[in-house]
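A short worksheet on the structure shown next.
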Protein chains: 2
Amino acid sequence: MSDLPRIFAALSDPTRLAIVERLMRDGELPVATLREESEISAPAISRHLNVLIRTGLVRKRARAQQRLYSVVPETIRAVSSWTLDHRTFWEASLDRLEAELHKEMSRK
Amino acid sequence: MSDLPRIFAALSDPTRLAIVERLMRDGELPVATLREESEISAPAISRHLNVLIRTGLVRKRARAQQRLYSVVPETIRAVSSWTLDHRTFWEASLDRLEAELHKEMSRK
DNA sequence: CCGTTAATTAGCCAATATGTTAATTATAGA
DNA sequence: TCTATAATTAACATATTGGCTAATTAACGG
């Protein structure tokens, strides 16, 4: 159901990542507001939003002429789940790093 | 230091994602082994591995004619950290989902 | 109903990504 | 030293991405 490569692809564009982060922080926002923090044209933003819609990262809602966008938490959670699935891997390395730090400390 | 968009871009290709997952599961592996599970040519794999190297997701080590690749845990942890930075966001939705489930249960 | 605001769609172009086959580099081992 | 093995680099074709301007759609407000 959650197509991880497509989600990663959607998040791989700096403009789109910024949009997603902004929406996670501030909740639902209209296109005009999202446009403020990047230099690019309205049509470009529109297409980026479309990519995010297609991958299920955001949803759209109409209010008058505005279109309000917000993040779909479940899709973000898919990314989180992926990292947790491999937690044992990067956690092990954390332990090693920590051990290294302790060694360093006791040496001084 | 950790360029998230580039990391996401590297993971957005199914072949590369499969390589990273395989390496996380099995540890250090030579190119020939990684090649087994995908249909594409050796040069293609080689270039994918190069992308992973450049983004800091894997490292390479020589042993005879072989080149052994392994995942760099710190870089994977960068992805994990990103999701954790926004945990409050998707966690809130988890709570809501859970609440919904409880409502559902008590109704029956 | 007409003008303004908000956003999207259409059409176009340049840059990047991904795959292929052929050629090259490097090492092992008889 | 010659051959086989392992991987990479070179050269090329094609598809996708991402940007722009101009045109279009939709809704509000006088």
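If you're wondering where the values come from, they're calculated on a predicted model, not measured in any experiment. The sequence lines fix the lettering, A, B, ..., with proteins before strands; numbering per chain opens at 1.
OP1 or OP2 of C:dT8 has at least one side-chain nitrogen or oxygen of A:K60 nearer than 4.0 Å. Distances shown here put a side-chain N or O of A:Y69 below 4.0 Å from the OP1 or OP2 atom of C:dT8. In terms of phosphate contacts, B:H48 brings a side-chain nitrogen or oxygen within less than 4.0 Å of OP1 or OP2 of C:dG19. An OP1 or OP2 oxygen of C:dT9 is reached within less than 4.0 angstrom by a side-chain nitrogen or oxygen of A:N50.
Put simply, CG on A:L17 is 18 Å from P on D:dT17, counting in whole angstrom units. Rounding to whole angstrom units, CZ of residue B:R47 and P of C:dA17 are separated by 10 Å. Atom-to-atom, CD1 of A:I40 to C1' of D:dT17 comes out at 12 Å; the value is rounded to the nearest Å. At whole-Å resolution of the value, CG in A:L52 and P in C:dT8 are 12 Å apart.
Each of A:E39 and B:T33 was assigned the nucleotide of DNA chain D with the nearest heavy atom; the assignment lying further toward the 5' end belongs to B:T33. Mapping A:D13 and B:L68 onto DNA chain D by nearest heavy atom places B:L68 closer to the 5' end of the strand.
In the set C:dG19, C:dA7, D:dA7, the nucleotide with an atom closest to the side chain of B:A32 is D:dA7.
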(message) Evaluate A:L49 against A:K60 for side-chain contact (heavy atoms from CB on, under 4.5 Å), listing each step before the verdict.
(response) CA-CA 9 Å; A:L49 288 170; A:K60 177 164 52 163; over 6 Å; no
(message) Please determine whether side-chain contact (heavy atoms from CB on, under 4.5 Å) holds for the pair B:V71 and A:H86, giving the CA-CA distance in whole Å, both sets of side-chain angles, and the decisive distance to 0.1 Å.
(response) CA-CA 12 Å; B:V71 174; A:H86 301 282; over 6 Å; no
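Residue contacts for A:R16: at a heavy-atom cut-off of 4.0 Å it reaches the sugar-phosphate backbone alone, with no base atom in range.
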(request) Scan nucleotides 21-30 of chain D nucleotide by nucleotide, 5' to 3', and note B when protein non-hydrogen atoms come under 4.0 Å of the base, S if they reach only the sugar-phosphate, - if neither. (result) BB----BS--
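The aromatic rings of B:F8 and A:F8 lie parallel to each other, their planes meeting at an angle below 30°, with 60° marking the opposite boundary.
Between atom OG of residue B:S70 and atom CG of residue B:D26 there is a gap of 12.5 Å, rounded to the nearest 0.5 Å.
Closest non-hydrogen pair, A:T55 versus A:T75, comes out as O-CG2, 3.9 Å. When every heavy atom of B:A10 is checked against every heavy atom of B:L52, the shortest pair comes out as CB-CD2, 4.1 Å. Between B:A9 and B:S12, the shortest heavy-atom contact is O-OG, 2.7 Å.
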